[in-house]
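All remarks here apply to the structure that follows.
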Amino acid sequence: MLGLAERVDVAASCSLLHVPLDAAAERDIEPQILRWLAFARQKTAEIVTLSKGLAQGTDTIAAELAANRADLASRAGSALTSDPAVRTRAAAVTDADARRSQPYDERTAAQRAHLGLPPLPTTTIGSFPQTAELRTARADLRARRIDTAGYEERIRAEIQEVISFQEKTGLDVLVHGEPERNDMVQYFAEQLTGYLATRHGWVQSYGTRYVRPPILAGDVSRPEPMTVRWTTYAQSLTGRPVKGMLTGPVTMLAWSFVRDDQPLGDTARQVALALRDEVNDLEAAGTSVIQVDEPALRETLRCARRTGRRTSPGPRRRSG
């Protein structure tokens, strides 16, 4: 099997630091979907299997290869990965949908007249500190020491304090502080179809910061509004404009484990359409300023220039 090579090394294509530890530890993921995933321990087992096949012949790993092919086939034919309504909508997007119906000068003048802001309005990026009290409240909710009503009462109290502080400070455009959001990507992923949230899928982000990147397993849609209720509540506390805040599609994909069974652009279009629905609902609720955050845009562009494509070390099974 080794042919002319004196030595062949079999290794993972990326550092296992960038994937969760063990898919078997997940108890909340649909079993059919779980068989499509490979975390660090599963990837290590696959490396051992490939090494054995290389050294001793593929007949010795025939059962493992057959199981792998069955897993891949189950994903390709699963209704969990494909939503015809989502695909039809995404396919109907045209170049005209990416252009504004009015020129910039007209839109700027209308915004100035509507908001009545000073020439240099002040605001903040959006998120206020996730205090120990907020983290305790989330832990209490998970442990069922408090119910949803009790948790939301703590969130309302935090929003009231944040709005009051900004008014006293003299800011022009206020934010609600995002106390209800555990992470700027995970929070939205947990409310979108097609995304999976893990319970134990921690990976190192930087320094001592760890996150649980969501996993894209199927087509993406938004069943219901995600931010309107808390933004509207914050607006009810003040006469100054409170802006809505969303995480953009580039960052939603860059900080997730993406699908490898369809072009990344198709997934990005689905996420963008879901977020556009949220923008429309915020506007309908009276939100005059909406901020779409894309902190991962620069790193994604750098990666695209370097590699020619957006890559991801996601926890996905590779073809045997």
Side-chain angles (χ1 to χ4, degrees), residues 9-29 33-48 50 125-132 134-139 141-143 178-192 194-217 220 245-260 264 267-268 271 293-307 309-318:
D9 293 327
V10 183
S13 61
C14 67
S15 169
L16 297 181
L17 175 71
H18 302 302
V19 294
L21 177 61
D22 189 2
E26 299 299 327
R27 296 290 182 265
D28 300 331
I29 296 179
I33 296 177
L34 195 61
R35 64 187 288 204
W36 307 336
L37 305 178
F39 293 175
R41 283 182 174 167
Q42 287 73 40
K43 287 179 180 289
T44 303
E46 290 175 355
I47 291 171
V48 173
L50 292 173
I125 194 170
S127 55
F128 271 57
Q130 290 281 317
T131 64
L134 286 174
R135 297 184 187 280
T136 298
R138 264 196 286 278
L141 180 65
R142 288 194 300 270
E178 304 179 4
E180 79 286 1
R181 303 187 189 184
N182 47 15
D183 176 83
M184 68 180 300
V185 172
Q186 182 182 345
Y187 177 77
F188 291 97
E190 289 175 342
Q191 300 183 73
L192 294 169
Y195 269 98
L196 304 176
T198 66
R199 182 181 293 270
H200 304 291
W202 296 98
V203 298
Q204 185 178 11
S205 176
Y206 57 86
T208 59
R209 174 176 166 78
Y210 282 75
V211 296
R212 287 179 293 156
I215 301 168
L216 274 155
V220 178
M245 291 165 292
L246 307 174
T247 302
V250 172
T251 300
M252 287 294 298
L253 296 185
W255 293 352
S256 300
F257 293 120
V258 299
R259 299 176 65 173
D260 60 2
L264 188 64
T267 306
V271 176
D293 293 319
E294 287 287 22
L297 181 60
R298 181 176 295 181
E299 70 183 57
T300 305
L301 289 173
R302 278 201 305 266
C303 179
R305 283 196 295 265
R306 185 173 65 252
T307 66
R309 62 188 178 93
R310 162 71 168 89
T311 59
S312 170
R316 304 225 173 250
R317 292 195 179 274
R318 302 299 179 183

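Remember, predicted model here, so these are calculated numbers, not experimental data.
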If you take all heavy atoms of [X] and [Y], which pair is closest and at what distance?
{"X": "Glu46", "Y": "Ala38", "result": "OE2-CB, 3.9 Å"}
{"X": "Phe39", "Y": "Ala23", "result": "CD1-N, 3.1 Å"}
{"X": "Gln42", "Y": "Leu21", "result": "OE1-O, 4.4 Å"}
{"X": "Met184", "Y": "Met252", "result": "O-SD, 4.4 Å"}
{"X": "Trp202", "Y": "Tyr210", "result": "CZ3-O, 3.6 Å"}
{"X": "Leu17", "Y": "Gln204", "result": "CD1-OE1, 3.4 Å"}

Got a second to check how far [X]'s [atom1] is from [Y]'s [atom2], nearest 0.5 Å?
{"X": "Leu253", "Y": "Leu264", "atom1": "CG", "atom2": "CG", "value": "5.5 Å"}
{"X": "Arg181", "Y": "Met245", "atom1": "CZ", "atom2": "CE", "value": "5.5 Å"}
{"X": "Thr251", "Y": "Leu246", "atom1": "OG1", "atom2": "CG", "value": "12.0 Å"}
{"X": "Leu196", "Y": "Leu37", "atom1": "CG", "atom2": "CG", "value": "7.0 Å"}

Using the side-chain hydrogen bond (donor to acceptor under 3.5 Å, both in side chains) criterion, which residues pair with [X]? Sequence neighbours excluded.
{"X": "Thr198", "answer": "none"}
{"X": "Glu180", "answer": "His176"}
{"X": "Arg298", "answer": "none"}

| Side-chain donor-acceptor pair under 3.5 Å between Gln186 and Glu190, yes or no? |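 The criterion, which ignores hydrogens and geometry beyond distance, is satisfied for Glu190 and Gln186.
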
| field | Check against side chain to side chain contact (heavy atoms under 4.5 Å, CB included), His18 and Val203 | value | CA-CA 6 Å; His18 302 302; Val203 298; 5.9 Å; no

| Does the side chain of Val258 reach to within under 4.5 Å of the side chain of Thr267, using non-hydrogen atoms? |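 They are not in side-chain contact.
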
| Does a side-chain heavy-atom distance below 4.5 Å link Ile29 with Trp36? |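 Ile29 does not reach Trp36 side chain to side chain.
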
| request: Identify, with sequence neighbours excluded, every residue that meets side chain to side chain contact (heavy atoms under 4.5 Å, CB included) alongside Gln191. | output: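 So Gln191 forms a side chain to side chain contact (heavy atoms under 4.5 Å, CB included) with Tyr187, Met226.
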
| field | Residue pairs involving residues 16-27 (criterion salt bridge (charged side-chain N to carboxylate O under 4.0 Å, His left out); sequence neighbours excluded) | value |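 Qualifying pairs: Asp22-Arg41.
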
| query | Got a donor-acceptor contact below 3.5 angstrom from the Ser205 side chain to the Val211 backbone? | reply |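 Checking the backbone N and O of Val211 against the side chain of Ser205, no donor-acceptor pair under 3.5 Å is found.
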
| Heavy-atom donor-acceptor pair, Gln130 side chain to Glu178 backbone, under 3.5 Å |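 Here the side-chain-to-backbone pair exists.
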
| request: For side chain to side chain contact (heavy atoms under 4.5 Å, CB included), just list the numbers for Leu50 and Ile47, CA-CA rounded to whole Å, side-chain angles, deciding distance to a tenth of an Å, and then say yes or no. | output: CA-CA 5 Å; Leu50 292 173; Ile47 291 171; 5.7 Å; no

| said: Using a 6.0 Å cut-off, check whether atom CD1 of Ile125 has over 12 heavy atoms from anything other than its own residue. | reply: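 Open.
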
| task | Return the set of residues passing salt bridge (Lys or Arg N to Asp or Glu O under 4.0 Å) with Arg199 (not counting sequence neighbours), or none when no residue passes. | result |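 Asp28.
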
